[in-house]
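Reckoned from all heavy atoms, side chains included, excluding hydrogens, waters and symmetry mates. Computed from a prediction, not measured in an experiment: that's the story for all the values here. In the text below, chain A, chain B and the rest are named by the order of the sequence lines, each starting its count at 1.
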Amino acid sequence: MKITESATENRLKTLFERKQENILNIYFTAGHPQLEDTAKIITALEKSGVDLVEVGMPYSDPLADGPTIQNSGAIALKNGMTLDILFQQLETVRQTSNIPMILMGYYNQVIQYGEITFFDRCQQIGIDGLILPDLPIEIYERDYKHLFEARNLRSTFLITPQTSVERIRRINALSSGFVYMVSSSSITGAKKGISEKQIAYFNKIKELNLDKPRLIGFGISDRETFSTACRFANGAIIGSAFIRLLENNLKDEVGEERQLKIEKIINDLVSNLKP
Amino acid sequence: MNYAINEEGFYGEFGGAYIPEMLHSNIERLRLNYLDIINKPNFQKAFKSLLKDYVGRPTPLYLAKSLSEKYGCTIFLKREDLNHTGAHKINNTIGQILLAKELGKTRIIAETGAGQHGVATATACALMGLECIVYMGAIDIERQAPNVSRMKMLGAKVVPALSGSQTLKDATNEAIRDWINNPEDTFYIIGSVVGPHPYPDMVARFQAIISEEMLWQLEEATGQNYPDKIVACVGGGSNAAGAFYHYLNDERVELVAVEAAGHGIHSGESAATSVLGTKGIIHGSRTLLMQTKDGQIIEPYSISAGLDYPGIGPLHAHLIDTGRATAIAITDEEALDAAFMLAQIEGIIPALETAHAFAALDKMKIEKSDCIVVNLSGRGDKDLGTYIKRMK
């Protein structure tokens, strides 16, 4: 596949122009289960038709995440993952991959790398957007919005059942990528199934007629939760459930065999999500 | 210079609230209401009355004659160890639990390192009839066993934090996650001047009773309402914040913050944040913390569970960064020696945390005319296991 690189093209934007329903976003932690799995996983996700990949930058103290993601991050760090290594891996995979790719991590990682350096590197590699859940929108708007825009990086902020309508509108306005709807009051990977209370919240948000795409995440793990989420939003995000699949099914395969195994895990997941 | 917090919740460049959206509504509600609630006459009346009759305040300001003689100056001990539950921590938990009740919360969560804040929270919950869940690092549960039993006897549920270094930092992460999962009925009582705004300011205000009493106690004892130096240990820094509070803008008073150097500042096993730390974000606050160049938080080490924290409250980061406070780092060995010294010359067994503050006297430049207050933040019953090992 040949990539056409243009300064104005953003794969996230193109995706949402092309597709408004059943968008599948898969999150995984870079460098987990093994350091060199990052590119294998991204390649396989693209091949199986996943719309969007959210690459987790492993962090020692991920406050918004549950045990599954925290544990995967700890393993990735133990495997030796650093931001420099991750950027190299993504740069390489970008040579042959055109899937929309966003980075998810914590604000402190960006500060320590140096904000400008970090954003420049993202642009250079062809990262399409960033999610930093602990970056306050007020600080984003004041200090970073223009830096994102200058580098064609899309921003995504979270809303929860506790977020007021007024704040939702503000978050919508500041989210140039999509609005990340946290499905319930929880950390990632915590809840099972979707309750009536959650449906009421999904409906409430749907009726706000926000002008940005909405993806629902947290607690999306199978066909039922995915299709329910897609009834109320443009798509959904699967994270912890995918990480568990990798952990449970990958052993110490190497090389081509490992690549094929990862492809099989992802193909099974994706075909299971289809109605 | 003004060292108080500004309208946006910052001390200089430190502080703020860097929190995921899941915490926003609770923190925002607290931010908008905490000052109004705390300043209400009824709240103050209830708070002060419990501090007096239940906690046992005012705590004495004791002129330590032998210690004064040893160091050739005048040394007073602010006896926070004589508070109910044995440390300063209860000043804050009484304040926060009254605030939680005002906000209509019914379930209380807390993190604890040495177990002193956990015990103080469990005590306040028992007093007020509220459910209490305390997160405590699995390693700390082992090394502070008596406090775990106390919490349980008080009716609290103690949940081990099994992630990371299994100490105070991880207990704090787990407590924050609990609050994310239970945003409606739950209030998080943070035990130190750390976390997102308004916690550092709120906790400092509740601990400020320490220096509020020092003002009149010093006046009574010496005819002058300020000392030359105040010495306090700093993990997150709540006892130091309380002891410094009313003297922050009084530059006649030298503020000494004593950190844990573990096996030595540069041994790789230390919690000397002001030396080893760089600017960054931990637990929702911009402050000094021990981290890698990639921003991964480094596991700290100290013999003292209460000082075993990789960050420092944003107020202290500001005081140290601006030179208003001096930081001194004390090793495990030096702290242990100081605990035995104090026990033997003053008949007071201090907590291991507090022992660090006493060890700092050896490293300070002291004039004969100096009047020094050491904040005796807690008593050493909980550390007997460690002290007994030392005697063998």
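Proximity to chain B (any heavy atom under 4.5 Å) is restricted, for A:Pro58, to the backbone atoms N, CA, C and O. With a 4.5 angstrom heavy-atom cutoff, A:Ile139 touches chain B only via side-chain atoms. Using a 4.5 Å cut-off between heavy atoms, A:Phe118 makes no contact with chain B at all. The part of A:Ile159 that comes within reach of chain B is its backbone (N, CA, C, O), which places non-hydrogen atoms under 4.5 angstrom from that chain. The part of A:Ile111 that comes within reach of chain B is its side chain, from C-beta onward, which places non-hydrogen atoms under 4.5 angstrom from that chain. B:Gln291 touches chain A through its side chain: at least one heavy atom from C-beta onward sits under 4.5 Å away, while N, CA, C and O do not. Of the two parts of A:Tyr59, the backbone and the side chain both hold a non-hydrogen atom closer than 4.5 Å to a non-hydrogen atom of chain B. When heavy atoms are compared at a cutoff of 4.5 Å, A:Ala64 approaches chain B by way of both its backbone and its side chain. Interface remark: A:Gln70 contributes side-chain atoms only to the contact with chain B (heavy atom separation under 4.5 Å).
One finds no salt bridge joining A:Glu91 and A:Arg94 here, because no Lys/Arg side-chain nitrogen approaches an Asp/Glu carboxylate oxygen to under 4.0 Å. Checked for salt-bridge contact, B:Arg107 and B:Glu184 miss the test: no charged N lies under 4.0 Å from a carboxylate O.
Contacts of residues 108-117 of chain B with chain A at a heavy-atom distance below 4.5 Å are absent; not one residue qualifies. The interface of residues 16-29 of chain B with chain A, defined by heavy-atom distances below 4.5 Å, comprises B:Ala17, B:Tyr18, B:Ile19, B:Pro20, B:Glu21, B:Met22, B:His24, B:Ser25.
Not a single donor-acceptor pair under 3.5 Å links the side chain of A:His32 to the backbone N or O of A:Ser72. A donor-acceptor pair under 3.5 Å is formed between the side chain of B:Thr292 and the backbone N or O of B:Gln296. With hydrogens and angles ignored, the 3.5 Å screen pairs no side-chain donor or acceptor of A:Ser176 with any backbone N or O of A:Arg154. Checked by atom type and distance alone, the side chain of B:Lys105 never pairs as donor or acceptor with a backbone atom of B:Phe187 at under 3.5 Å. The backbone N or O of B:Ile297 lies less than 3.5 Å from a partner atom in the side chain of A:Ser60, making a donor-acceptor pair. Judged by distance alone, with hydrogens and angles left aside, the side-chain atoms of B:Ser270 form no donor-acceptor pair with the main-chain N or O of B:His266 at under 3.5 Å.
Within the structure, salt bridge (charged side-chain N to carboxylate O under 4.0 Å, His left out) contacts touching residues 55-74 of chain A (residues at least two apart or in different chains) are A:Asp61-B:Lys169. Annotation: salt bridge (charged side-chain N to carboxylate O under 4.0 Å, His left out) contacts involving residues 177-188 of chain A, sequence neighbours excluded, are absent.
Counting heavy-atom pairs closer than 4.5 Å to chain B, the top-ranked of the candidates A:Thr160, A:Leu83, A:Asn108 is A:Asn108.
Side-chain contact between A:Cys122 and A:Leu130 is present, with heavy atoms from C-beta onward closer than 4.5 Å.
Annotation for A:Glu115: atom CD counts as buried by contact number, over 12 foreign heavy atoms lying within 6.0 Å.
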Candidate pair A:Thr117 and A:Asp120, rule side chain to side chain donor-acceptor pair (under 3.5 Å), full reasoning = CA-CA 5 Å; A:Thr117 319; A:Asp120 282 349; over 6 Å; no
Going through the distances and angles, do A:Phe148 and A:Phe119 end up as a ring pair (Phe, Tyr, Trp, His ring centres under 6.0 Å)?
-> CA-CA 7 Å; A:Phe148 273 52; A:Phe119 301 145; 5.1 Å; yes
